[in-house]
Amino acid sequence: MTSDIPTQYDPKTTEAKWQEYWEKQHVFKADPEKGGETYCIVIPPPNVTGSLHMGHAFESALIDTLIRYHRMTGKNTLWLPGTDHASIAVQAILDRQLKAEKTNRYEFGREKFLDRAWKWKEESGSTIVNQLRRLGVSVDWTRERFTMDEGLSHAVRVAFVKLYEDGLIYRGKYLVNWCPESRSAVSDLEVENKEVDGNLWHFRYPLGDGSGYLEVATTRPETMLGDTAVAVNPNDDRYKHFIGKTLTLPIMGREIPIIADELVDPEFGTGCVKVTPAHDPNDFEMGKRHDLPFINIMNLDGSLNENAGEFAGQDRFVARKNVVKKLEELGFLVKIEPYRHSVPYSDRGKVPVEPLLSTQWFVKIEPLATKALTCLDEETSPRFVPERWAKVYRDWLVKLRDWCISRQLWWGHQIPAWYVVSETGGEITENTPYIVALDESQALEKARQKYGETIRLEQDPDVLDTWFSSGLWPFSTMGWPEETLDLQTYYPNTVLVTGFDIIFFWVARMTMMAGYFTGQMPFRDVYIHGLVRDENGKKMSKSANNGIDPLILIEKYGTDALRYTLIREVAGAGQDISLQYNRKTDESESVEASRNFANKIWNASRFVMMNLDGKTPSELGEPDVNALELSDRWILSRFHRTVQQTRDYLETYGMGEAAKGLYEFIWRDFCDWYIELVKTRLWDKESSSRIVAQQTLAIVLEGILKLLHPFMPHITEEIWHNLTRETDAVLALQAYPVADPARISEELEETFDLLIETIRVLRNLRAEAGIKPGAMIVAILRSNNPRELETLTLGRTYLQDLAKIENLTLTDNLAGEIGQAIAGVVGTVEILIPLSGLVDISVLHGKLTKNLAKVEGEIKSLGDRLNNPSFVEKAPAALIEKTRAALEEAVKQAHILQERLKRLQ
């Protein structure tokens, strides 16, 4: 069997093979009738418009590690995949296509537009899903969902109707964030505030009685065309006597009042502010308090409407310049000041949003948020990892305003509300009566009962905010509102793994929706991961053009190498990771290191299997405990300790720490030491200890493959099948190793650490002395510590084999003349290698002298730098600390070289 194993590991072939096998054989298909403790995660659904980026790869690697581990511990697991319909993103793609064809969606018609959208989804919407398959994610593909599939669309309608009937959804005319690019309302959470360099314009507004004027300052001059008042703070002594008077609005000529309101900041501008209730959130509130008119001057595309007079039809930014020019011509412009301020931008449209008075559908947030807050405060659910995010989540729930859920788009869940158009002459207004129902037939039945048989209905053209449907995702994907077996078995989900940047977009909405519709939080834990940053530590983004395509790295190094790198880089829950990457060559040192790790495992496994005489671990059986040698007991102790540490880390979301621990154990303990230590036993076919070595090797190797499988699933599955020759089973469904405390011996591990360090120093001394690799040496190990001498005696064979020692002396006292030698120390053990006849002492002396001179030069340079007041005062603290550490290390090296030179004399 082993002769068929390639000498080199080919990740591309292996990974494709197992990805196809796992999916075709439904290896990860969940069974709700299986029983037992469940472990469920629903995938944060990527947009159908998306393609795989490093954030997806990072998040998927974290989730897959958790799900594979818990599956192997025997839990009834489900990782449910799916995608989000991404209303705005898909709409933007299709709008661009139609524009290129010299038409638009309005000329195209809604029905044809939606047909085209579904066709696009079928042809291009699976890109991200197929790319996720390249990551080897262990999802149940038979349960793949789409937020606009039939079941989820039904759930959306049920949720909307229930919220409406319970008085939590209402329709009204309010100020919303309007995106002129997508021509749709967007929620507060889809608005990104950007600091921009703008201006603060000062204008005179003449008093109605001709006695003077008030000076106002604004960052948006064009909106003055919709002003209906000027406000001052009631406690501002400068303006108290003006309150109640009127002003004549420049250009427009209408009379507007001077009002007093606590909201006005006396320190801003002149302390007088223009009030445009239809175009500013603060002005909107003032307008309601003071019963002011609401004058909308804006069209849906960002141009000005007929209420803007001579500026009608002009784009808002063109109108801004023209309004300023007109005010200057009329003598109302006082001055223009440079002004840096925050401007809200549409996260999707990438243009400044326009506060716009519009009739929309809203969800009352307070009752929903109250339930989520109660669960957080009383039941501590969900539990956030890291814990600090719980406060952020709580603060957002407290301050959330009512949620505008209607979007002026066509792709999405059309709002299940029908207007009774025949009663109003066919034109839909904010006063048009409407019926909310699950479908048109139900709406028609309700409408006829209320308005008679002759009515005609027209469905609201708007669609729901995408986050409305994704807010139902944890339970709608399980079959809600039906009481399905999946829902009973796997809900609530065990954990949500997501980035901190969508706590407010998604997490809070899921908890609010779940609390209301299911009476419980949708998941037990929320694991918040950090961001993948570029090689310079900067956040990856399209605008910065610094993203790293994970598929390029997968092609170059393999999926397992990329996955393992991303997980191993995690320093702690919630911490960002930085990925080393050379953009010119598409190379990554960190991913290459993980590829080398995979090769190390492959080569070590191949060596082991070549020395098992064609037997599998089960055929070899367990070794006799009494027959175990020191190295066998040591590797088994280290193995069981690693098992316990790995399980402890994975149970507490310490995936990065677990990955690092496995790396150290596999590379150092197993590959570099144990395999080397047992080689002589394996080669001696007459030795009784050979079978014990084979058994131990087989047991530990199979255990390693199981431990590592959640992190590097493809290579471990491949090796495991070669090792066990299983044809009807997969490693992914094997039991995860369980530690045996009786096998763990701290004393034994400390003992063996002394042997390992002694061998390492012996090897280093050989190299420093220039002793040829194959040459046998004489070595003297001296220690006054009886326990250390006993340990060295027990490991005498290991010392001689691995350090190539022909004559080894273990003593507590040096007697007689040793001659010139090179020396080292481990603990209290002094290590001496006599050099007579092995090396040219004068050449070695010269080499050591030259190295000492170089180190002493470094000491002087580093010391001068630290003694320079200018450096200490101006350099960053981290650089100063780094310099001090370098000096300390250089001093140590100088001491070692001085001691070796002394010994040579």
Side-chain angles (χ1 to χ4, degrees), residues 668 672-673 676-677 753-785 788-789 791-793 795-867 882-905:
R668 173 187 177 272
D672 283 356
W673 290 107
E676 292 300 314
L677 289 166
D753 281 344
L754 175 63
L755 292 174
I756 287 173
E757 287 305 309
T758 302
I759 294 168
R760 182 179 285 117
V761 171
L762 282 163
R763 285 173 165 178
N764 289 342
L765 291 175
R766 287 178 61 109
E768 289 167 10
I771 299 172
K772 293 179 180 179
M776 301 299 288
I777 63 170
V778 172
I780 303 167
L781 307 182
R782 185 185 72 83
S783 175
N784 291 322
N785 186 322
E788 286 185 338
L789 278 177
T791 297
L792 295 171
T793 302
R796 185 184 193 99
T797 303
Y798 305 139
L799 294 168
Q800 290 185 268
D801 285 350
L802 271 63
K804 290 187 170 57
I805 302 173
E806 184 176 33
N807 189 340
L808 175 63
T809 301
L810 305 174
T811 181
D812 60 357
N813 183 34
L814 287 175
E817 185 66 30
I818 297 174
Q820 291 174 314
I822 191 166
V825 176
V826 174
T828 64
V829 178
E830 186 177 5
I831 302 172
L832 298 165
I833 301 178
L835 298 175
S836 178
L838 283 172
V839 296
D840 188 325
I841 305 299
S842 61
V843 173
L844 178 58
H845 189 281
K847 178 182 175 182
L848 293 175
T849 302
K850 184 178 179 181
N851 290 344
L852 177 60
K854 181 180 178 182
V855 172
E856 287 176 338
E858 290 178 7
I859 291 172
K860 184 179 184 307
S861 175
L862 292 167
D864 289 346
R865 188 181 302 179
L866 289 169
N867 290 326
K882 185 178 180 180
T883 306
R884 284 178 178 149
L887 177 60
E888 185 178 337
E889 180 61 28
V891 170
K892 287 181 182 177
Q893 290 296 320
H895 179 71
I896 291 170
L897 289 167
Q898 288 163 355
E899 288 297 312
R900 288 175 181 165
L901 280 167
K902 184 178 178 181
R903 176 62 64 187
L904 283 178
Q905 297 168 357

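As a basis for the values below, the full set of heavy atoms in this structure was taken, side chains included, without hydrogen atoms, waters or symmetry mates. The first residue in the sequence is number 1, and the count goes up from there. Just so it is clear, the model here is predicted, and its values are computed rather than measured.
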Next on the checklist: What verdict does the side-chain contact (heavy atoms from CB on, under 4.5 Å) test give for Val829 and Val761, after you've listed the backbone C-alpha separation in whole Å, the side-chain angles of each residue and the deciding distance to 0.1 Å?
Outcome noted: CA-CA 11 Å; Val829 178; Val761 171; over 6 Å; no
Checklist entry - Passes side-chain contact (heavy atoms from CB on, under 4.5 Å), Leu755 versus Leu792? Steps please. => result CA-CA 7 Å; Leu755 292 174; Leu792 295 171; 4.1 Å; yes
Checklist entry - Does the pair Leu832 and Leu765 meet the rule for a side-chain contact (heavy atoms from CB on, under 4.5 Å), with working shown? => result CA-CA 9 Å; Leu832 298 165; Leu765 291 175; over 6 Å; no
Item to check | Intermediate values then yes/no, side-chain contact (heavy atoms from CB on, under 4.5 Å), Ile756 and Arg760 | outcome: CA-CA 6 Å; Ile756 287 173; Arg760 182 179 285 117; 4.0 Å; yes
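How far CZ of Arg782 is from CG of Asn813: 7.5 Å, rounded to the nearest 0.5 Å. Taken from CG in Asp812 to CD in Glu788, the straight-line distance is 12.0 Å, to the nearest 0.5 Å. The OG1 atom of Thr791 lies 8.0 Å from the CG atom of Asn785; values are rounded to the nearest 0.5 Å. Within the model, atoms CG of Leu844 and OG1 of Thr849 stand 9.0 Å from one another, a figure rounded to the nearest 0.5 Å. The distance from atom CD1 of Ile833 to atom CG of Leu781, rounded to the nearest 0.5 Å, is 9.0 Å. Distance OG1/Thr758 to CD1/Ile831: 5.0 Å, rounded to 0.5 Å.
Taking the side chain as every heavy atom from C-beta outward, Thr811 and Ile780 approach each other to under 4.5 Å.
In this structure, Arg763 and Trp673 approach most closely via the heavy-atom pair NH1-CH2, 3.9 Å. Heavy-atom minimum distance, Pro834 versus Ala821: CA-CB, 3.8 Å.
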Output side-chain donor-acceptor pairs under 3.5 Å for residues 882-897, partner residues at least two apart or in another chain, one line each.
from: Thr883; atom 1: OG1; to: Leu879; atom 2: O; distance (Å): 2.8
from: Glu889; atom 1: OE2; to: Gln893; atom 2: NE2; distance (Å): 3.1

Can you list, pair by pair, the side-chain donor-acceptor contacts under 3.5 Å of residues 795-804, counting residues two or more places apart and other chains?
from: Arg796; atom 1: NH2; to: Leu808; atom 2: O; distance (Å): 2.5
from: Tyr798; atom 1: OH; to: Ser631; atom 2: N; distance (Å): 3.0
from: Tyr798; atom 1: OH; to: Ser631; atom 2: OG; distance (Å): 3.1
from: Gln800; atom 1: NE2; to: Ile805; atom 2: O; distance (Å): 3.4
from: Asp801; atom 1: OD2; to: Thr680; atom 2: OG1; distance (Å): 3.4

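Residue pairs satisfying the salt bridge (Lys or Arg N to Asp or Glu O under 4.0 Å) criterion with at least one member in residues 766-777, sequence neighbours excluded, are listed as follows: Glu768-Arg900.
No donor-acceptor pair closer than 3.5 Å links the side chain of Ser861 to the backbone N or O of Gly857.
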